[in-house]
Amino acid sequence: MILTTADVAEAAAIEFKQSNAKRSYSSMLSNDGIPDLEIVGPSGTKSFLHSLRHFMRRDRFNVHTYEGHFDSSKLNNTPQRPLENANKRAKKKVQKDNEETSFTVESIPVNYTAAPNAAETTESQQITKQAISYVFTSPPIPGKFLIEKARKLNVPMGPLCGELKAGKSVTFIDSKTNEERTVDSKDVLAKESPGVGVAVVYCPTTHVLDELRASRTLRAFEKNRLDDDAPTSQLDAIVHLTPKTVFESDGYQSWCEEFGSAVDHITLHIAESVKDRAANNNASPFVSAMRGGARRSFVHDGLFPMPDIPMATCDGSTTRTTAFIEGCPMMEYLLMPRSKRGLNACTMKSLYSATEKDDLRGEVITAGALQLAQTVASEQVADIPVEQDKNESNLGELIFTGTGSAVPCKHRNVTGMYLRMNNGNSMLLDVGEGTVGQLLQVWKSTLPKSASAVDEYHSRLLGIKAVWISHPHADHHLGLLRLLSERSAIGGSNDPIVLMAPPNMFAFLSEYQLTVPEIKGNYVELDCRDLFPGQQSPLCTKLREDLGISCTTVQVTHCPYSYAVIVDGTAFGRLAYSGDCRPSSRFAAAGNGADVLIHEATFEDGMKEEAVLKKHSTVGEAIEIACKMDAKTLILTHFSQRYPKIPPVNRDESDAKAMTVPIAFAFDFMRVTPSSLPLATKLTPALRLLYPGQEDDDKTAAKKDVAVDSKELMAVPGMFSAKGIL
């Protein structure tokens, strides 16, 4: 699925390389052979997907959406779609290559009422939702091919055996009698066994439970069913997406027992409230990110708070006749072959060892990073004026929740920053997916042991008074939906945030809240264009009252509706943020004298063609803007996911400013205060010691290939306009 113009450009580059100039350019625009995607969901799914058009492109990807009840076994009766033949070819190839068994799926929709807001909701404010559960079943499993019987029937070994295994009859000349003979598959196959079945049950309330118990689809698998219409599949496991209070109720437990002891029950308990989510202590499945955060924390725990790494293990034990398995991150459950059905023992180990932190600290010491960091820190403390150290407010801070581009990877999440003012209120600068979860991780790790994580989470969420979204690409705003939902659940609609965003974001949200009304009333719109120099919005008064700031917008070159922002009045002074863009002299002029410049640096120096093609900046270009802006400190972020660590920096030795501007490299979970900012710019040498191997050979080779493609691609007449990049 193509999300951004940068992705369109990258897809075009790949196609151009594959074509090797042998195909006409028009053939690149063809979508032959790409299989469709079928999405099944509750009522409102179509509207939700339609609302994504405001920021998501889907040029070469056909999606068919079904709401409510769905039965894939009945799709064969529907009219043939344009790409159905291509789908069949693709499916045959997948099945041949991977020997996968095809599953049919049936959905079970249940309507129920719920409160749009957990805070003081009256009965008249209840809304109707739809809970969807699913049952996946495979065809009956063919019996084992009995080779001895086949030999007795003189079946020639080879392709005919394959036909028999597939359930077909074969005709051949008997080598002994020299007569034609027909053998049916049932003559050489053991008795078939029932197909595999698994149910995924979403049951948020006891009312939904009552409806599920009445479902004919599920009742067919109960051990004491009265009808003779037995399914051809056997239910092996049920995955329960259910609040713990509902699951542990007597009614729910007795329902589970009705499926018999042969069915395993895997529980994935839904958090019933913001309180539950804040108190959750499950180990993070993002092991590389957690370990990287821990290593950096040993370098300096003030700048890099220690991430929460609980020593949790999966527990599949049970004291009941029915097997109940509590799900945990990265756990695997094998369905086929049925003889090996159950938990994969390899995935039941703890994600982190009991000595995880000690081992990571040893690595930091061995690399020499800890000693160098301590030396740098001791020198930096001596350089801080006594007055600044005393007057420093402990509330002003800048937390990076994501420092990567495009999509989350194992080392970096997508873009997001939390800027807290001296009065304790805060704003977000972009809010990529996972931003709220990343913030919770940092807040927990910096919380005093005597403090309540739930109270801190509530206070911090309600303290977010504004959000700035630089442009409508998904990696910069998908986390907004959870932020609005979380604030709504704790009464955030009483104090809606000021949402500064491009106009198409408001169009998206206005449609999205028709499907998810919880977010309605939790934000007020402030178009980025209303913050151009000389413009004045009434909401600017609210920004001054809540945050003590003023914001100025500058249009930049990236995609339509892309903006940079200058924020005056922060705990850091004047702060400028580029968003995603090509270098902008207009932005440099507007942010002149910035105390902090946060600038994207998607590509390393030497990859300017890629930067131009995808409308991003290189590290060197970001430094140039810092010099033009006369910024006191430059923080680089939004790194390409090919740089999981620290990209190289090549300063222009002929430019005195470029050689002296302090530069800090942002990392996920990095927490900077006004007094620690100078130290952040000096710890880079110590941090580099943590990553002695900057690039894997295959990534370096891929980077060179892309560079060649980009230069050739930019020379193709009409490429940008035909692909919609411009």
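- Residue P674 comes nearest to F572 through the heavy atom pair N-CE2, 3.5 Å, listed as atom of the first residue, atom of the second, then distance.
- Side-chain polar atoms of D668 and T403 form a donor-acceptor pair below 3.5 angstrom.
- The side-chain hydrogen bond (donor to acceptor under 3.5 Å, both in side chains) search around H54 returns E511, not counting sequence neighbours.
- Here the straight-line distance linking atom CZ of R296 with atom CE of M670 works out to 10.0 Å at 0.5 Å rounding.
- When the ring pair (Phe, Tyr, Trp, His ring centres under 6.0 Å) test is applied to Y512, the partners found at least two apart in sequence or on another chain are F48, F508.
- Using a 4.5 Å heavy-atom cutoff, the side chains of P408 and V414 are in contact.
- Atom CG of L398 sits about 13.0 Å away from atom CZ of R420, to the nearest 0.5 Å.
- Under the 3.5 Å distance criterion, the side-chain polar atoms of D546 are left unmatched by any main-chain donor or acceptor of N425.
- Every residue was checked against the salt bridge (charged side-chain N to carboxylate O under 4.0 Å, His left out) condition with K520, not counting sequence neighbours, and none meets it.
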**OP:** Check the pair I623, V649 against side chain to side chain contact (heavy atoms under 4.5 Å, CB included), reporting the backbone distance first and the verdict last.
**Re:** CA-CA 10 Å; I623 295 175; V649 176; 3.9 Å; yes
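- A heavy-atom distance below 4.5 Å is not found between the side chains of I646 and L690.
- Residues meeting the side-chain hydrogen bond (donor to acceptor under 3.5 Å, both in side chains) test with D301, sequence neighbours left out: none.
- The pair K614-E600 fails the salt-bridge criterion, with no side-chain N (NZ, NE, NH1 or NH2) lying under 4.0 Å from an Asp/Glu carboxylate O.
- Taking OH of Y457 as the reference point, atom CG of L462 lies at 10.5 Å (rounded to 0.5 Å).
- Side-chain polar atoms of T602 and H638 form a donor-acceptor pair below 3.5 angstrom.
- F298 is linked by a ring pair (Phe, Tyr, Trp, His ring centres under 6.0 Å) to nothing, counting only residues two or more places apart in sequence or in another chain.
- Between L395 and N423, the shortest heavy-atom contact is CD1-C, 4.0 Å.
- In this structure, the side chain of T401 engages the main chain of G416 through a donor-acceptor pair within 3.5 Å.
- L360 and A294 make their closest contact through CD1-CB, 3.6 Å (heavy atoms, listed as atom of the first residue, atom of the second, distance).
- Residues forming a side-chain contact (heavy atoms from CB on, under 4.5 Å) with A271 (at least two apart in sequence, or on another chain): D276, R277.
- Side-chain N or O atoms of T673 include one that pairs as donor or acceptor with a backbone N or O of S676 at under 3.5 Å.
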Original post:
Can E621 and R582 be said to form a salt bridge (charged side-chain N to carboxylate O under 4.0 Å, His left out), step by step?
Top reply: CA-CA 8 Å; E621 288 173 330; R582 290 292 298 142; 2.8 Å; yes
**OP:** Please report the C-alpha distance between L597 and I625 in whole Å, then the side-chain angles of each, then the deciding distance to 0.1 Å, and finally whether the side chain to side chain contact (heavy atoms under 4.5 Å, CB included) criterion is met.
**Re:** CA-CA 9 Å; L597 167 61; I625 294 301; 4.2 Å; yes
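- Using a distance-only test at 3.5 Å, with no hydrogens or angles considered, no donor-acceptor pair links the side chain of S459 to the main chain of D455.
- With sequence neighbours excluded, no residue satisfies salt bridge (charged side-chain N to carboxylate O under 4.0 Å, His left out) with R361.
- Using a 4.0 Å cut-off between charged side-chain N and carboxylate O, E456 and K444 make no salt bridge.
- No hydrogens or angles considered: nothing links the side chains of Q438 and Y418 as a donor-acceptor pair under 3.5 Å.
- Judged purely by atom type and a 3.5 angstrom limit, S488 has no side-chain atom pairing as donor or acceptor with the backbone of L484.
- Using a 4.0 Å cut-off between a side-chain N of Lys or Arg and a carboxylate O of Asp or Glu, E356 and R291 qualify as a salt bridge.
- Of all heavy-atom pairs between I464 and I497, the closest is O-CG2, 3.1 Å.
- With E486 contributing its side chain and V274 its backbone, the two residues share no donor-acceptor pair below 3.5 Å.
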Original post:
Please walk me through it: do M421 and T570 pass side chain to side chain contact (heavy atoms under 4.5 Å, CB included)?
Top reply: CA-CA 6 Å; M421 312 304 168; T570 76; 4.1 Å; yes
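- In this structure, F587 places its CZ atom where more than 12 heavy-atom neighbours from other residues, nucleotides or ligands lie under 6.0 Å away.
- Take R574 and apply the salt bridge (charged side-chain N to carboxylate O under 4.0 Å, His left out) test, not counting sequence neighbours, and it matches D568.
- With sequence neighbours left out, H477 forms a ring pair (Phe, Tyr, Trp, His ring centres under 6.0 Å) with F55.
- The two atoms that bring F639 and A601 nearest to each other are CD2-O, 3.4 Å, heavy atoms only.
- Not one N or O on the side chain of T415 forms a donor-acceptor pair closer than 3.5 Å with the backbone of S405.
- Scored by the salt bridge (charged side-chain N to carboxylate O under 4.0 Å, His left out) test, K275 finds no partners at all (sequence neighbours excluded).
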**OP:** Test side chain to side chain contact (heavy atoms under 4.5 Å, CB included) on L543 and L526 and set out the steps.
**Re:** CA-CA 11 Å; L543 291 176; L526 179 51; 4.2 Å; yes
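- Contacts of S562 classified as side-chain contact (heavy atoms from CB on, under 4.5 Å), with partners at least two apart in sequence or in another chain: H471, V556, H558, C559.
- Between the side chains of H473 and D580, no donor-acceptor pair of N or O atoms lies under 3.5 Å.
- M417 CE to I399 CD1: the interatomic distance, rounded to the nearest 0.5 Å, is 12.5 Å.
- No donor-acceptor pair under 3.5 Å is formed between the side chain of N522 and the backbone N or O of P496.
- Across all non-hydrogen atoms, the minimal contact from P647 to R688 is O-NH2, 3.1 Å.
- Between atom CD1 of residue I598 and atom CG of residue L419 there is a gap of 7.5 Å, rounded to the nearest 0.5 Å.
- The main-chain N or O of A489 is never found under 3.5 Å from a side-chain atom of E518 such that the two would form a donor-acceptor pair.
- Atom CG of L480 and atom CD1 of I519 lie 7.5 Å apart (nearest 0.5 Å).
- Remark: the backbone N or O of V596 is not paired with any side-chain donor or acceptor of T633 at under 3.5 angstrom.
- A 4.5 Å side-chain heavy-atom check between L531 and Y563 finds every atom pair outside the cut-off.
- Counting heavy atoms from C-beta outward, I663 and V619 have side chains that stay 4.5 Å or more apart.
- In this structure, R487 fails the cation-pi test against Y523, since its NZ or CZ atom is not both closer than 6.0 Å to the six-membered ring centre and inside 45 degrees of the ring normal.
- Taking 4.5 Å as the limit, some side-chain heavy atom of Q441 sits within range of a side-chain heavy atom of M290.
- Side chains of I469 and P502 form a contact here, defined as non-hydrogen atoms less than 4.5 Å apart.
- For L372, the side-chain contact (heavy atoms from CB on, under 4.5 Å) partners at least two apart in sequence or on another chain are V376, P685, A686, L689.
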